[in-house]
Amino acid sequence: MVHRVATDERPFETPSSDESGMGRSDSPSDESEPEAALVVPPDGGWGWVVVAASFMCNFVVDGIIFSGGCLLEPIEKSFGANKSQVAWVNSLLSGFYLLMGPFVSALANRYGFRLVTIVGSVLASSAFALSYYATGVVYLYLVYGVVGGIGLCMIYMPAVLVVGFYFERWRALATGLALCGSGVGTFVFAPLTRYLLSKYEWTTTLVIHAGLILLCVVFGSLFRPIKPVRVTLADQVEEEDASRRHEEAVEKLNSMLKLHSKLDSGISMPNEVRFTNKVSPHTWMGVANNTRYPTAEEVFRGSNSHISRRSSATATTLKNHLANKPMFIAVPVAEKDEQEDSNSNLENVEPLLSNPVKVVTRDARPRRSHLDLVARPFYRDDIFFGGSLARLPQYTSRTSLGYHLAVTHVPTQEDTQEETSGKCQLCPEAVKRALATMLDVSLFRSPTFVILAVSGFFTMLGFFVPYQYVAERAQNGGMSDVTFLVSAIGISNIMGRVACGSVSSMPKMSPLWLNNIALTAGGIATMLSGLDYSDAFQFGYCAIFGLAVACFASLRSILVVEYIGLEQLTNCFGLFLLFQGIGALLGGPIAAALIDWTREYDISFYVSGGFLLFSAVMCYPIDYISRWEKSRNKLAASPKV
């Protein structure tokens, strides 16, 4: 992610300790020692409790949102309103549930996933309970739609993102399990809401929903923050000893490589190939120093001018070297507290730099450093990535600790001072920085990003219409029992997420074409869904639609990483949420206006299906456009003769 400067404060112009604040301490002797606070996922343990809690949050939030169409008809009758007026009630709820994503993420960056989830649960529950006293649709717009949508977003965003914070190797599995709560919630809440409406008034149903939302206070309290570890260069005595051992290992490996090249005639190796401790001076990836926050890896590189290659002469190392696969290594010096979640994944850590790297837990640190206290989730490039990390070159080309150093951006001095002072700020630095990152308008210069963003807008224009009107349309068409139509979408959504995750992990499977095929099928199926109102036809349509939207949701982050880059993932997702939120806000009212105008449902489904189909067609040329854009940028960055 490209972290843009959001305030007038001086950015990290150089990776020295004086500018970056990486090694500031009370001890003068330590001023030149760089250090970083990193959150290393435990990859298990309490993480599975977090997965279960996230599952339940998604179960409640998405279950209520996707079953909201059941409430529209009772509200119409209660206030004598038409469909166009009532449609805004549910659309505001689903729209603000997405629109507030960047702002809720900024709050979570400063105050943590747990607190934001708890506050959101209380806020949403209060909004739903106060809707009991609604005197008209405008009251519901403000209380149920706007306030309730903001509250549900404060539950949804932390629940989705906290899982990735706890998992590394099992991230794809854990995220998939947590997000399955959305499909299960849709399956359960659609018939549950209909049952409650058959027994009680719609106002009482909302109060019951409010009680269920309040349970997310319990689930959110399980989002225990992970204590960071402090990574610092080892002392000089340790450094000299480790450097000597490292040089010996490098020479042995070079000798083995020479012997390997002579014995194996099938492998051609140039005479100049050697492992070396020297690399070219660090560049800031073409971004001006005054517009970007450095990563922990960049700060360590600034204090240590060379990075060594792996010195373990194993068969795997030889194979990786012959494939020109860079692998960073140093002699680890670790102090480990086995009882802390933050350190359970450090057993086999191989640090990044050629100088020894010392990994010290917060509890075991020899001195207090303000940086130990600051490890923000949105200072990581991969916070929105829900797929397997094995897809990322940044992960496969480094050791575990090296990867975390590479994707973690360091805090500013203002951020650390606010953390240690404990003073209440109207708009803290962590909030401003997260917003500046997630609302980076410079991305609009990228044609690839613009296509993906606009495509997401059109997808969401048609996304919520089947959830809201498929059962009502089928009932008017003569279908006897429509109770489980929306539930069928939920079940197929679960299967779609599992299938999409498995298929997209295949090496030769293009996630772009999988996304395009799914949205094309979903759009065409929606346009043709009114041809027959038999049980088999309608349930078949719901299954296809559920599979389509599951692929769209599962592949979004993978598409961004593949065509725009991991460092831009957080930037892209902030703006994506705005585009999708506006689409969700407008989709329902457009469909309702068409129903009021034509007195039938078919036209609204034609238009909604057309939106889905158009969003797929827009993405067809992305592969070619992305290649053209990258070649253009490469040409622009090359020195002019």
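Just so we're clear, the structure is a prediction, and the values are computed from it rather than from any experiment. Positions are given from 1, in the same order as the sequence printed here.
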(request) List for me each residue that meets side chain to side chain contact (heavy atoms under 4.5 Å, CB included) alongside Ala553, sequence neighbours excluded, and say none if there are none. (result) Arg497

(request) For Tyr606, enumerate each residue passing the side-chain hydrogen bond (donor to acceptor under 3.5 Å, both in side chains) test, keeping only those at least two apart in sequence or located in another chain. (result) none

(request) Go through the structure and list residues passing side chain to side chain contact (heavy atoms under 4.5 Å, CB included) with Val450, not counting sequence neighbours. (result) Phe444, Val454

(message) Looking at every heavy atom in both Ile451 and Met618, which two are closest together, and how far apart are they?
(response) CG2-O, 3.3 Å

(message) Could you work out, with salt bridge (charged side-chain N to carboxylate O under 4.0 Å, His left out) as the rule, every residue matching Glu629, not counting sequence neighbours?
(response) none

(request) Answer whether the closest heavy-atom distance between the side chains of Leu461 and Ser608 falls below 4.5 Å. (result) no

(message) Parallel, tilted or perpendicular, judged at 30° and 60°: which one describes the rings of Phe458 and Phe614?
(response) perpendicular

(message) Using a 6.0 Å distance limit plus a 45 degree cone around the ring axis, check whether Arg556 lies over the aromatic ring of Phe573.
(response) no

(message) So, using ring-ring contact (aromatic ring centres under 6.0 Å, His included) as the criterion, who are the partners of Tyr469 when residues are at least two apart?
(response) none

(request) Would you please name every residue forming a side chain to side chain contact (heavy atoms under 4.5 Å, CB included) with Ala525, sequence neighbours left out? (result) Tyr541, Ile544

(request) Kindly give the heavy-atom pair with the smallest separation between Pro158 and Val116, and that separation in Å. (result) CG-CG1, 3.9 Å

(request) State yes or no: are the ring centers of Phe611 and Phe463 separated by less than 6.0 Å? (result) no

Distance-only donor-acceptor pairs under 3.5 Å for side chains of residues 90-105, two or more places apart:
residue: Ser91; atom: OG; partner: Ala87; partner atom: O; Å: 3.1
residue: Ser94; atom: OG; partner: Asn90; partner atom: O; Å: 3.2
residue: Ser94; atom: OG; partner: Ser91; partner atom: O; Å: 3.2
residue: Tyr97; atom: OH; partner: Asp62; partner atom: OD1; Å: 2.6
residue: Ser105; atom: OG; partner: Gly101; partner atom: O; Å: 2.7

(message) Minimum heavy-atom separation for Pro377 and Phe113, please, with both atom names.
(response) CB-CZ, 3.7 Å

Name each donor-acceptor pair under 3.5 Å that joins a side chain in residues 587-596 to protein atoms two or more places apart or in another chain, with its distance.
residue: Asp596; atom: OD2; partner: Lys83; partner atom: N; Å: 3.4
residue: Asp596; atom: OD2; partner: Ser84; partner atom: N; Å: 2.8
residue: Asp596; atom: OD2; partner: Ser84; partner atom: OG; Å: 2.7

(request) Begin with the C-alpha distance, continue with both residues' side-chain angles, and end with the deciding distance and a verdict on side-chain contact (heavy atoms from CB on, under 4.5 Å) for Thr526 and Leu612. (result) CA-CA 9 Å; Thr526 300; Leu612 292 172; 3.9 Å; yes

(message) Quick one, Phe223 with Tyr166, criterion ring-ring contact (aromatic ring centres under 6.0 Å, His included). Give me CA distance, side-chain angles, the key distance, then yes/no.
(response) CA-CA 10 Å; Phe223 295 159; Tyr166 264 86; 8.6 Å; no

(message) Between Ser604 and Arg473, is there a side-chain donor-acceptor contact under 3.5 Å, judged purely by atom types and distance?
(response) no

(message) To check you understand the geometry: which heavy-atom pair defines the closest contact between Ala584 and Phe464, and what is its length?
(response) CB-CE1, 3.5 Å

(message) I'd like to know if the side chain of Asp43 and the backbone of Arg169 have a donor-acceptor N/O pair within less than 3.5 Å.
(response) yes

(request) Could you pull out the closest heavy-atom pair between Pro447 and Trp628, with the gap in Å? (result) CG-CZ3, 3.9 Å

(request) State which residues pass ring-ring contact (aromatic ring centres under 6.0 Å, His included) with Phe605; sequence neighbours excluded, sorted by chain then number. (result) none

(message) Tell me every residue that passes side chain to side chain contact (heavy atoms under 4.5 Å, CB included) with Leu519, counting only those two or more places apart in sequence or in another chain.
(response) Thr459, Asn515, Phe552, Ser615, Ala616

(message) Run Thr520 and Tyr620 through side chain to side chain donor-acceptor pair (under 3.5 Å) and show every step you take.
(response) CA-CA 10 Å; Thr520 300; Tyr620 286 174; 2.7 Å; yes

(message) Do the side chains of Asp382 and Arg171 get close enough for a salt bridge, i.e. N-O under 4.0 angstrom?
(response) yes

(message) Among residues at least two apart in sequence or on other chains, which ones pass salt bridge (charged side-chain N to carboxylate O under 4.0 Å, His left out) with Arg632?
(response) none

(message) If you compare all heavy atoms of Leu514 against all heavy atoms of Cys500, which two are closest, and at what distance to 0.1 Å?
(response) CD2-SG, 3.8 Å

(request) Report the residues that fulfil salt bridge (charged side-chain N to carboxylate O under 4.0 Å, His left out) with Asp602, sequence neighbours left out, ordered by chain and then residue number. (result) none

